[in-house]
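Sequence lines set the chain letters: A, B, ... in the order given, protein chains first and strands last, and positions in each chain run from 1.
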Amino acid sequence: MDSGDISWILISSALVMLMTPGLAFFYGGLVRRKNVLSIVMQSFIAMAVVGVIWVLWGYSLAFGSDIMGIIGGLEWFALNDVGLEPAPLAPTIPHLAFMVYQGMFAIITPALITGAFADRMRFRSYLFFIVLWSTFVYSPIAHWVWGGGWLSSLGALDFAGGTVVHISAGMAALMTVFILGKRKGYGEYSMTPHNIPLIVLGTALLWFGWFGFNAGSALGANETAVLAFVTTNTAAATGTLPWLMIDWSHKGTPSLIGAATGAVAGLVAITPAAGFVTVQAALAIGFGASIICYAAIQLKNRFHLDDALDVWGVHGVGGIWGAIATGIFATGVGLIAGNLTQLSVQVVSVIATMTYSVVATWLILKAIDSIMGLRVSPEEEAIGLDISLHLEEAYAR
Amino acid sequence: MDSGDISWILISSALVMLMTPGLAFFYGGLVRRKNVLSIVMQSFIAMAVVGVIWVLWGYSLAFGSDIMGIIGGLEWFALNDVGLEPAPLAPTIPHLAFMVYQGMFAIITPALITGAFADRMRFRSYLFFIVLWSTFVYSPIAHWVWGGGWLSSLGALDFAGGTVVHISAGMAALMTVFILGKRKGYGEYSMTPHNIPLIVLGTALLWFGWFGFNAGSALGANETAVLAFVTTNTAAATGTLPWLMIDWSHKGTPSLIGAATGAVAGLVAITPAAGFVTVQAALAIGFGASIICYAAIQLKNRFHLDDALDVWGVHGVGGIWGAIATGIFATGVGLIAGNLTQLSVQVVSVIATMTYSVVATWLILKAIDSIMGLRVSPEEEAIGLDISLHLEEAYAR
Amino acid sequence: MDSGDISWILISSALVMLMTPGLAFFYGGLVRRKNVLSIVMQSFIAMAVVGVIWVLWGYSLAFGSDIMGIIGGLEWFALNDVGLEPAPLAPTIPHLAFMVYQGMFAIITPALITGAFADRMRFRSYLFFIVLWSTFVYSPIAHWVWGGGWLSSLGALDFAGGTVVHISAGMAALMTVFILGKRKGYGEYSMTPHNIPLIVLGTALLWFGWFGFNAGSALGANETAVLAFVTTNTAAATGTLPWLMIDWSHKGTPSLIGAATGAVAGLVAITPAAGFVTVQAALAIGFGASIICYAAIQLKNRFHLDDALDVWGVHGVGGIWGAIATGIFATGVGLIAGNLTQLSVQVVSVIATMTYSVVATWLILKAIDSIMGLRVSPEEEAIGLDISLHLEEAYAR
Amino acid sequence: MMKVEAIIREEKLDNLKNALAEAGFLGMTVSEVKGRGRQKGYTLNFRGKSINVDLLPKLKVELTIDDSNINKLVDIIRKNSSTGEIGDGKIFLYPVADAIRIRTGERGPDAI
Amino acid sequence: MMKVEAIIREEKLDNLKNALAEAGFLGMTVSEVKGRGRQKGYTLNFRGKSINVDLLPKLKVELTIDDSNINKLVDIIRKNSSTGEIGDGKIFLYPVADAIRIRTGERGPDAI
Amino acid sequence: MMKVEAIIREEKLDNLKNALAEAGFLGMTVSEVKGRGRQKGYTLNFRGKSINVDLLPKLKVELTIDDSNINKLVDIIRKNSSTGEIGDGKIFLYPVADAIRIRTGERGPDAI
Ligand SMILES: Nc1ncnc2c1ncn2[C@@H]1O[C@H](COP(=O)(O)OP(=O)(O)O)[C@@H](O)[C@H]1O
Ligand SMILES: Nc1ncnc2c1ncn2[C@@H]1O[C@H](COP(=O)(O)OP(=O)(O)O)[C@@H](O)[C@H]1O
Ligand SMILES: Nc1ncnc2c1ncn2[C@@H]1O[C@H](COP(=O)(O)OP(=O)(O)O)[C@@H](O)[C@H]1O
């Protein structure tokens, strides 16, 4: 065990934990004033619900002994036998440290999806949704890629969660839009973000926490962590600029929300690549992310899909780009190093993750819908979810 | 000295420092718009006033050479002889690092009390209050438990401040309510929280900082730190859920403020136990905290005690539960390990802390009241403390 | 390489990164509601623009092989040859870690200046300004002091950026005021800060991040880092109190904005001294900072200079005081140790930095002004920069 | 018809609202205002410049009612929003030419 | 002259604003209000104490116009801000004694 | 009695407030509004959708006064809140049927 590595993994866990409230503020600022609490609540409660699930069975399903490449065993149920001995996958830190660090990823992933169905999902149904989604979507995919499952056997590279976190959440987001439908009033009247400083606060906490997300994924305070840290910051910076410029030329003015979204797109895209590529490649990955995600959102608008806060466009598409880019730029093994195998493996892992997330999310949503319904009543939606679901108003005298 | 331990104790100190502004936002969001600055100011100024006191005499009183088990000596006045040599109580980090880490605890403890007398205390009197309280309540109790005083000789366990921080502040809070009386209009008209996103920001920073508070109390980046980190996050998660559920069944809707309060209750309760119990025990401690603190607040409401932001209910009662729970669950020595001694010692330490805090706080408040008064005038209270005490308005065009 | 040191430098880099959004909130809260996004945008975009510049040429100019004591060479253009080998100036951490840590300083420095020309600069011109200023002012001065340039040969002490960051930004701020002129309505009608909780959030993040700024400048988790951490917190605390007291006696009430400003003044002043002085000296440095900066602002008001958010008064003057104080208090070599050389060297470094920043900033501003203008139109200014430059409103329903 | 506009203390709203509902006055519109009157104000300071804050937060409550109800309504408002101290506020009455319910198009007293 | 004051749903503002502009009604003043009417409210809770929230957010739109335009304006407002459900709001008409343009001092119908 | 309602620029409030106080007009009520008039607006954008922002922030100042003071008051307002550029705002005068001081119950001109 190494005290420097422990120090780094603990603070990284804390940083990733802070990303979930960061996300809550990012999303909370983007919605209208009458719905801010409902979406903040969805992120906040994920910290509690998934926090408990992970400790009980989520970790074991993801990282327990491999069963046919598909799922982990339940021998670590309720952290049985998970203690302070060296972590099987990271011998310089205790097993519990590895567990809690991974748990922070499990928490934020379902929270990412909430931006898609903003302003219209029942809270009770949401609770069932994250329990099922975390168990049947997140844990298996995490197992495939990081827990010794079939994608890791294939050699798929995902440094910090391009497939496991962003593609899985982004594609699930798209499904929720298909099944829940548009917000009342979509396309009819404007729904401007109600608090842009809150959006920037969220972005700042996300960017800050992402250092733990990516550089922490080195699982120690080592050279790889340093590389991942630098590529992360660089991709965030180069992600910001094209979005700003495209917005500017499209609409005549540079937008702060646009700049923030571009930064997030850059961060998403560098996630799977962070410890595998050079800083120069990170410049390109961030740059590309911004352009590709921007285009994806235009497409979505054309199809009148009401992915309210662009989870698919930014996380889904940004994650796909990042996973592919890893196959292109990964030092030594990527396309640029003259190698096509890695790229093909990456494509396989992208397609597998997309397919599984789409199908499993569809099943989960349909099941919940048939039992208790997914969507609030039109009157509740009109009044706003904060009052109608939570009887609270965000701002008062 | 160990660079990993130094790294961890420094970042933990920074994390604990951030909890005080976090508390300011938590409390600031809970009060009405006209009083937000006054309560934020009370936390902020604690960082300055106690920050200086600690360096001058607070640290020496708490950790200086033991005088009859009751108080530390003044040989470290103004940090005389406190330097970069190994800390007496933590040989792998410099003495100054230990000093500053402990100082962050000294800062937040009096700030916790401010929630009880929200909206009605004079600022000048508050300044005198924290100087005296920090010197005559915090430093002695810290000495008893952590500085080699009589409770530590007895073998009382308090990993990160269940008695020293939460019980002492929570009981002091109750006294301030008895002596200052209710807010004008209490029970007559509604006083809804003015900014719930600000409350959530505060909660997020508290949860984030609590990793430094509890896991930092291992005083190094070691196995104990990892254990404390995991129990902390787990208890916060299990603390959130029952509060949500009780609120839901009581009032028909799940409340975001309720969820946030539940998380804080879980965090408070795990504080004394964090490094001593298993993760499974943390599940139970967090769960219990939520139910017990919720009940305490109902009790308080029945007695029409205007502890405005429930400092007693959450910190006082949550701290008591945590200290007792430590006696029940502590690995090897707790009740569950078939041992009653530890539990009795815990009960003694709870009673001693409660009694001393109540009596000393009462004396301090009475002294200040007789010299300069404690409470603002009814007109100042009606207009709001932000304008009448600070001539500032929180929000303007 | 040392994992503890790597852990500390990475988290310090993250902390310093967070200071730039912290600054955005500090400044954003101080301006009127119609201009908050424009100033937040200026800080946010610095993270992207300077983040890219630093990687491309800024780092090489500042830390590349010395050319006549004045500037670094371009051999590290686009991080060519900057990898995971030990950093030349910090052999226990990888070179890239040193690079990214220094980059965070390069980002915040131009962002500091924005407070001076709040509410009136064109965004396009601002972009050119930070590109040029970062290249031609920041990098050279960083080279002089930290990169092996002439001031470092002279023996100038600047632990974490008193000259490089604060004096250079503070003097540049003054120049922008001379060239851009006053805000429309300055001295005519009141321009009260629109969101004081946001100011406090900014201050909290600055204080928190400053631990990375100063203690991280030890470039390892060692005794010097601990000392810098403690002096930083102490000077922030002692900086707060005199400002509060002067405000109180001047205006009859203690001000929260005043307390926050005092804390920042203390933090600025301890920056150059942090690792060189005792904690006792830090008490004095923070105390002095508050009084001197307060006086500077009175002076500025008397001259009707519209340095809107007091960048010169707090950062310029605070930095000068800090640099001089380093010459007075530096352990072993300062005036108090009976040595005058160091103090004279400090004076030289202050004067050199001031002069160069003033002249170079003047040239840059004049050049941009003649090509594209610097100031928005009176109508744009009247409507507010958020709508007129960014077509966004900070707060909506 | 008459519009009754009351400027009241913020903390009296709950009281007043309930009393109005009990008396059958459901329709009402409330807005946040700041007011100055006999209640003296304060002076704000920002880094050495002082600003007069004599405007204190109040609520404006508007009800359009039938002429026959005016005295009853005024009494309810007075009873439920006064504290006896300066700053209790004012009631203003304005003539209303007509009222229309947007949903149905009903006009006059039927619309309110 | 007459002041037309419409209490409408927040989400109808864009609609109404554009329709008014098209019909040549440019001058208008909008403010945020909360209202109660037939639309039933909710009950807020804070740590065990319940508070009645029957006031829901609305917008108040005010236009001062020439008497001759009143019916046209009322029609535009009704058409562009009704959904047919309870809570659509009200229009109130008030007599205006005079109007003055601050910049030029013009008075009466010329000023609006 | 007459209600004088002025829609002014935000930055003119300090000026106007002081001038009114000097002239003895203490009672007043201020609220935040947004307005459209001859002053042209802007277009907001949010991720590819554009929204028209022609409503710019203004303040509404209301004073109920005795008929005899109207011209004096209008002059003060004009003098202290005009800049000469489009967007300076309007003054509207409305008849007031009655005024009541909540605290004392005084009615009519005595109440204001
Ligand atoms: N002449 C007036 N015109 C408009 N509003 C007024 C007038 N006089 C008072 N008000 C409003 O009534 C509120 C209370 O008035 P104030 O004089 O303080 O109380 P009181 O009537 O109890 O003496 C003020 O804050 C202001 O909003
Ligand atoms: N008598 C009234 N006086 C003042 N405002 C009213 C009155 N009646 C209704 N309002 C306003 O109109 C809004 C809509 O009224 P409501 O009765 O809910 O709708 P509807 O007229 O469609 O039944 C209310 O929220 C309130 O702001
Ligand atoms: N007919 C009207 N009815 C209600 N408010 C109006 C009307 N015309 C103008 N206003 C208000 O007056 C403000 C200033 O009007 P504007 O036409 O821009 O200025 P000016 O009168 O100087 O040309 C507008 O923003 C709006 O709030």
With a 4.5 angstrom heavy-atom cut-off, is it the side chain or the backbone of [X] that approaches chain C, or both, or neither?
{"X": "A/L201", "answer": "both"}
{"X": "A/S12", "answer": "neither"}
{"X": "A/A259", "answer": "both"}
{"X": "A/F208", "answer": "both"}
{"X": "A/I9", "answer": "neither"}
{"X": "A/A225", "answer": "both"}
{"X": "A/W210", "answer": "neither"}
{"X": "A/I11", "answer": "side chain"}
{"X": "A/V200", "answer": "both"}
{"X": "A/Q280", "answer": "side chain"}
{"X": "A/S7", "answer": "both"}
{"X": "A/I6", "answer": "neither"}

Test applied, side chain to side chain donor-acceptor pair (under 3.5 Å); reference residue, A/T92; option that passes from A/D5, A/N222, A/D2: A/D5
Criterion side chain to side chain donor-acceptor pair (under 3.5 Å) on C/S3 and A/W8, from CA distance to verdict: CA-CA 9 Å; C/S3 65; A/W8 179 238; over 6 Å; no
For the backbone of [Y] and the side chain of [X], can you confirm whether one donor and one acceptor N or O come within less than 3.5 Å of each other?
{"X": "A/K34", "Y": "A/A382", "answer": "yes"}
{"X": "A/N214", "Y": "A/A228", "answer": "no"}
{"X": "C/Y126", "Y": "C/Q42", "answer": "yes"}

Option that, when pairs with chain A are counted at under 4.5 Å, heavy atom only, ranks first among C/V82, C/V52, C/V36, C/L198: C/V52
Test: C/R122 and C/E380 ion pair at under 4.0 Å: no
Near-ring test C/F63/C/W76, centroid separation under 6.0 angstrom: no
